[in-house]
2 protein chains.
Amino acid sequence: MVNFIQHAANQPRWAVEIWKRFNDKELTHSMAHYLQAVAGLKQDKGHARVGDIADRLGVSKSGVTSMLRSLSARGLVTHEPYGCVELTDAGRRLARRTESNRHVLTMFFTSILRVPQEVAYEDACMIEHLVGPESMIQFLRLTAFIGSDDPAAERFRTAFREYQHHCAGKEADRECPVCKEGRCLAETFPGLVGTFDEGPLK
Amino acid sequence: MVNFIQHAANQPRWAVEIWKRFNDKELTHSMAHYLQAVAGLKQDKGHARVGDIADRLGVSKSGVTSMLRSLSARGLVTHEPYGCVELTDAGRRLARRTESNRHVLTMFFTSILRVPQEVAYEDACMIEHLVGPESMIQFLRLTAFIGSDDPAAERFRTAFREYQHHCAGKEADRECPVCKEGRCLAETFPGLVGTFDEGPLK
DNA sequence: GAATAAAGTTAACCATGCTTAATATCCGGT
DNA sequence: ACCGGATATTAAGCATGGTTAACTTTATTC
């Protein structure tokens, strides 16, 4: 197991470079949802008009108009005034990808991490447009494999479930392969677990 | 394994509610980095001043001043004009939590998903402030357990590595427990895998 | 104990992504 | 053919998170 603690060091230099890339991602969170709304409407009723999108997303029609201008400028939709909205090929690809991402992440959160459904939906929705394709394909592989009927996967599921149950009790246990030297997860990674279960702060 | 395809349906109604919560998360991406910068500077040199933060984050000093106003208004830092910046208890907790999140996610991406380091750093950084505590604790448990020397975990690591290697070849294989009826992942989840490996679009 | 350099703040501006209110366009009924 | 209602757009405003330029405060040096 890689050393957790060592990596807990403060934000390194490169972090700044990455941080600044947040705002020039291909898609903002809003844009991703507009694209998905257009794709969904197209599928549901054959066409997407400004009012439909506004209803679906719960925003004003003027908001839709201005967002369509942005998406148009990026070549993701076409939209002549007072007409229907169409996805371009690039727009369609991005919409599909974002949906796939949310879908895979939701599966991962519910069936592997086993968090409550609402939590899974929320977390998946928040990050669906931010996780890169390399990681996404691996999320899919991991989810598919853990859920498969490969004997190693089946055994793993059982063992992991037992471990979680044990670990939730937070009792140090020399028998547990994750608890090192009788220190359970919470003590093995001091200051790490504790940061998670304080709940929302405000 | 839960049915993937069924969940691939279009964005359901509740998605809108979740989407709109994006902008009232506890922390924005920027705020998270300011808090971490303050915490880091405090640790590295004992105090955090406006110029230090500006240098560290590569933003202008006036930008720092105005962000400190926001953070101050939220009760996450204290800062009297021309003085040093201090984290409040709430600010410190959020900084610690965000760092833990990035840390656990980076571990997960590198040691479990095994994506390249830069990808892991980038993806972890993008979502560190967006994943809820329930999911984070489960990410930690999963990462710790898969990396442990529990026999089920060891066997799983091997099997998963083999599966990935096999799957990367994209050959349908009746022997593979993930490939259903001789259809490999790519065909079992049509339109899903394909969306991932087209690379960045623009 | 000034003069000046360094550090910090304010002011004015820009882009994004929303809002409401007012205006413009399109379309069906008479 | 034209009028009203539905639909869509523009205009103006707001909050966030940045920028540069100008100004103020603090610190240092002689």
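Naming: A, B, ... by sequence-line order, numbering from 1 per chain. Worth knowing before you read on, the calculation uses all heavy atoms, side chains too, and leaves out hydrogens, waters and symmetry mates.
Distances shown here put a side-chain N or O of Tyr34(A) below 4.0 Å from the OP1 or OP2 atom of dC18(C). Side-chain N/O atoms of His79(A) include one lying less than 4.0 angstrom from OP1 or OP2 on dT9(D). Residue Thr65(A) places at least one side-chain N or O under 4.0 Å from the OP1 or OP2 atom of dT9(D). Contact annotation: Ser66(B) side-chain N/O to dT9(C) OP1/OP2 distance is not under 4.0 Å. Distances shown here put every side-chain N or O of Ser30(A) at or beyond 4.0 Å from the OP1 or OP2 atom of dT16(C). Residue Ser60(A) has a polar side-chain atom (N or O) positioned under 4.0 Å from OP1 or OP2 of dT19(C). OP1 or OP2 of dA8(D) sits under 4.0 Å from a side-chain N or O of Arg49(A).
The closest side-chain donor-acceptor pair between Arg114(A) and Gln164(A), if any, does not fall under 3.5 angstrom. Side chains of Ser30(A) and Thr28(A): no donor on one and acceptor on the other come within 3.5 Å.
Summarising the geometry, the separation between CD on Glu80(B) and P on dA7(C) is reported as 18 Å, rounded to the nearest angstrom. Arg69(A) places its CZ atom 13 Å from the P atom of dG17(C), with the value rounded to the nearest Å. Going from atom CZ of Phe22(B) over to atom P of dG17(D) covers 11 Å, rounded to whole Å. Computed from coordinates, the Ile53(B) CD1 to dG17(D) P distance equals 15 Å when rounded to whole Å. Put simply, NZ on Lys20(B) is 10 Å from C1' on dT19(C), counting in whole angstrom units. Between Tyr82(B) atom OH and dA27(D) atom P there is a gap of 11 Å when expressed in whole angstrom units. With rounding to whole Å, Lys25(B) atom NZ is found 18 Å from dT16(D) atom C1'. Whole-Å rounding puts the Met67(B) CE to dT10(C) C1' distance at 18 Å.
Scanning all heavy atoms of the two residues, the minimum distance from Ala90(B) to Gly75(B) falls at CB-O, 4.1 Å.
We find that Lys42(B) and Glu86(B) are joined by a salt bridge, their nearest charged nitrogen and carboxylate oxygen being less than 4.0 Å apart.
Using the six-membered ring where Trp is involved, His29(B) and Phe22(A) have ring planes that are parallel, under 30° apart on the 30 and 60° scheme. Taking the six-membered ring where tryptophan is involved, the planes of Tyr34(B) and Trp19(A) are perpendicular, since the angle between them exceeds 60° and thus also 30°.
Of the candidate nucleotides dG8(C), dA8(D), dG18(D), dG18(D) has the atom lying nearest to any side-chain atom of Trp19(A). Across dG18(D), dT9(D), dC18(C), the shortest atom-to-atom separation from the side chain of Val59(B) is found for dG18(D). When each of dG8(C), dT9(D), dG17(D) is scored by its nearest atom to the side-chain atoms of Lys61(B), the top-ranked nucleotide is dG8(C).
In this model, a side-chain donor or acceptor of Ser62(A) finds a partner on the base of dT20(C) within 3.5 Å.
Among the protein residues, Gly63(A) comes within range of the nucleic acid bases, having at least one heavy atom under 4.0 Å from a base atom.
Comparing Gly58(A) and Val50(B), the nucleotide of DNA chain C nearest to each residue sits closer to the 5' end for Val50(B).
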